[in-house]
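None of these values were measured; they are calculated from a predicted model. Below, chains carry the letters A, B, ... as their sequence lines are ordered, and counting in each starts from 1.
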Amino acid sequence: MEVRVRFAPSPTGFLHIGGVRTALFNWLFARHEGGKFILRIEDTDKQRSERRFEEDILKNLEWLGIDWDEEPARQSERLDLYEKNLKRLFDEHKAYYCFCTPEELEDEYEAQMSQGLVPKYSGKCRSLTPEQVAMKQLKTPGVIRFKMRDHVVSFPDMIRGKVEFNTALFGDIIIAKSMREPLYNFASVIDDADMKISHVIRGEEHLSNTPKQMMLQEALGLPTPKYAHLPLILGADKKKLSKRVLTNSLNDYRAQGYLPSAIINFLMLLGWHPSDDKEVFTVPEMVQAFSIKRVQKAGAIYNPEKLDWFNSMHIRALSDKELAEYLKPFMPEAWYSDTNRLLRAIAVTKERMKSLADFQKEAEFIFSIADYPASMLAWKNAAPAKTLEHLEHVSEILSADNGTTFPSEHTTTALMEYAAKEGRGDVLWPLRVALSGRENSPGPTELLRILGGPESIKRVGEAIQKLKHAL
RNA sequence: GGCCCUAUCGUCUAGUGGUAGGACAAUGCCCUCUCACGGCAUAAACAGGGGUUCAAUUCCCCUUGGGGCUACCA
């Protein structure tokens, strides 16, 4: 049997972390098995569905590298199919119209609860068909219910093992608002069958929908796919990361400088673990290693610090050139004009970045030095006059450099010998501050290499002037 | 309330019928002119109670904790 899975988001909000995780596990499963990954937009809720959210979902999946097979389907464009199946249910007396008002239902439920019963719809208007409804010309819109057969449904969940529900506790569920307004449980069942979905991999919040959907499958003579219910991703408060909250949108992660592969790597390890202790994966390695057997059962709390770590690991795994491409939106255009200088800047800041957004502040001084106080040039309690003397000597060494690449080995050696003689801190600290204008920066030799001879000599000269003014 | 799922360091987790390993975070030391990186080290967990067993973190039951569902959302 061909493996066909689907990701079926409802476009009622921006793509968020939880959605990505569901999509990811489906995608990894499909790619690992050599199957198909189908995208289905579940936009039956006309009030809340918006086209911009759908576009956001597609755009971000694409950005993450989660690619789909076949043209994405939209449920709002498949109403004929649902209507056909709804008619069939009516013909076979398995569905009926219900005109109870919410108030009536609430009264009924309360009465049941007061008797210690489980509240459920009793099915008092069980026989109305669409024709009768049309004839009656009722004013209230009504809903379509499915006659739930009392039955103990049990199914093997690929992650949890055997799961059992008693459908007698559900009552007759509402499957549509009208013949052309299907609801989730119904539309989803029809589509999974129509699209020949072999495995339904979804969040645990759907676990209790499964028996309802299986009863619908039974009533319509449709096959039952295999089910796998993923543990939920929880926030620090242990509540599920809700799609209705606007935080955790992928757009935010993208804007904050997270790499797609880092997000995917992080999410994969949230609820899944390989058989060894490997943690940092490339995407092909993830596809290769994934197995649904090793998915966790309990919910996992989302830990942003570990995401940062994955991001820094994935940033380092990139070549300088690749990183430059990713960095493009995170730097002023001017920085991009000198490719060689940019690449050198990236090389030296690469392992200092937790996110792409860090690049600008880490590399800023390379492109233009900020003003700094003369006092910053002195190492610890060194006398300004002494610091000046060191810098002047360093300037002489640098100016004498006539090698092809700066700094030449001769220059470096001279510098280090001088530093060894006069005290490393006393010489290297002022040089480094002169070159970077900052208390914290990469080392002086690295800086000389990034900046090149003329710029280095210029900056040291400026530092000397600063000291002279201060004296 | 009912139904269902679930339970190893703070967090993500490995693991086995013979008392626990990794990672992130934290702390300390080393490297070092600073920061970052790196290296080394420390602290840190089997929710509780019953069984089964020579032996239980591991198997079973109960309790407790956490979560999900209980929509004319998905």
Only pairs with both distances under 3.5 Å count, Watson-Crick or wobble alike; so what is the partner of [N] in this structure?
N	value
B/A20	none
B/G38	B/C30
B/C69	B/G2

> How do A/Asn440 and A/Leu307 order along RNA chain B: which one's closest nucleotide is nearer the 5' end?
Replying inline: A/Leu307
> Where each residue is assigned the nucleotide of RNA chain B containing its nearest heavy atom, which of A/Asp276 and A/Lys354 is assigned the position nearer the 5′ end?
Replying inline: A/Asp276
> Quick one: is B/G15 close enough that its OP1 or OP2 comes under 4.0 Å of any side-chain N or O from A/Arg294?
Replying inline: yes
Need one value for [X]: base, sugar-phosphate or nothing, where a base atom within 4.0 Å counts as base even if backbone is also close, heavy atoms only.
X	value
A/Lys297	sugar-phosphate
A/Arg316	sugar-phosphate
A/Glu164	sugar-phosphate
A/Gln296	sugar-phosphate
A/Gly423	nothing
A/Glu42	sugar-phosphate

> Taking C-beta and beyond as the side chain, do A/Ser188 and A/Arg40 meet within less than 4.5 Å on heavy atoms?
Replying inline: yes
>> Can a side-chain donor-acceptor contact be found between A/Gln217 and A/Thr224 if the only test is distance below 3.5 angstrom?
In response: yes
Tell me which nucleotide among [options] gets nearest to the side chain of [X].
X	options	value
A/Ser10	B/A74, B/A7, B/G21	B/A74
A/Ile174	B/C72, B/U11, B/A36	B/C72
A/Glu305	B/C24, B/C72, B/G22	B/C24
A/Thr44	B/C72, B/A74, B/C24	B/A74

Can you tell me the distance, in whole Å, between the [atom1] atom of [X] and the [atom2] atom of [N]?
X	N	atom1	atom2	answer
A/Tyr302	B/G67	OH	P	19 Å
A/His16	B/A74	NE2	P	15 Å
A/His273	B/G21	NE2	C1'	10 Å
A/Arg160	B/G68	CZ	P	13 Å

> With under 30° as parallel and over 60° as perpendicular, where do the rings of A/Phe165 and A/Phe155 fit, or are they tilted in between?
Replying inline: parallel
> How are the rings of A/Tyr227 and A/His229 set to each other: parallel, tilted or perpendicular (split at 30° and 60°)?
Replying inline: parallel
>> Please determine whether ring-ring contact (aromatic ring centres under 6.0 Å, His included) holds for the pair A/Phe359 and A/Trp335, giving the CA-CA distance in whole Å, both sets of side-chain angles, and the decisive distance to 0.1 Å.
In response: CA-CA 11 Å; A/Phe359 179 65; A/Trp335 293 14; 5.8 Å; yes
> So, A/Phe53 versus A/Phe14, ring centres under 6.0 angstrom or not?
Replying inline: yes
> Contacts to RNA chain B from residues 201-209 of chain A, heavy-atom cutoff under 4.0 Å, which residues?
Replying inline: A/Glu204, A/Glu205, A/His206, A/Leu207, A/Ser208, A/Asn209
> Going by number, which of residues 426-435 of chain A have a non-hydrogen atom under 4.0 Å from RNA chain B?
Replying inline: A/Leu428, A/Trp429, A/Arg432
> Should we count NZ of A/Lys226 as having more than 12 external heavy atoms under 6.0 Å?
Replying inline: no
>> Looking at A/Gln288, I want to see if its CD is surrounded by more than 12 non-hydrogen atoms of other residues, nucleotides or ligands under 6.0 Å.
In response: no
>> Could you check whether A/Lys87 makes a cation-pi contact with A/Tyr82, meaning its NZ or CZ is under 6.0 Å from the centre of the six-membered ring and within 45° of the ring axis?
In response: no
>> Can you list everything that forms a side chain to side chain contact (heavy atoms under 4.5 Å, CB included) with A/Pro274? Sequence neighbours excluded, please.
In response: A/Leu269, A/Trp272, A/Asp276, A/Phe281
[atom1] gap between [N] and [M], integer Å:
N	M	atom1	answer
B/G67	B/U32	C1'	48 Å
B/U8	B/A44	C1'	12 Å
B/U11	B/A25	C1'	8 Å
B/A45	B/U52	P	30 Å
B/A47	B/A20	P	15 Å
B/G21	B/U57	C1'	14 Å

>> Counting distance alone, no hydrogens or angles: does the base of B/A25 have a donor or acceptor under 3.5 Å from a partner atom on the side chain of A/Lys306?
In response: no
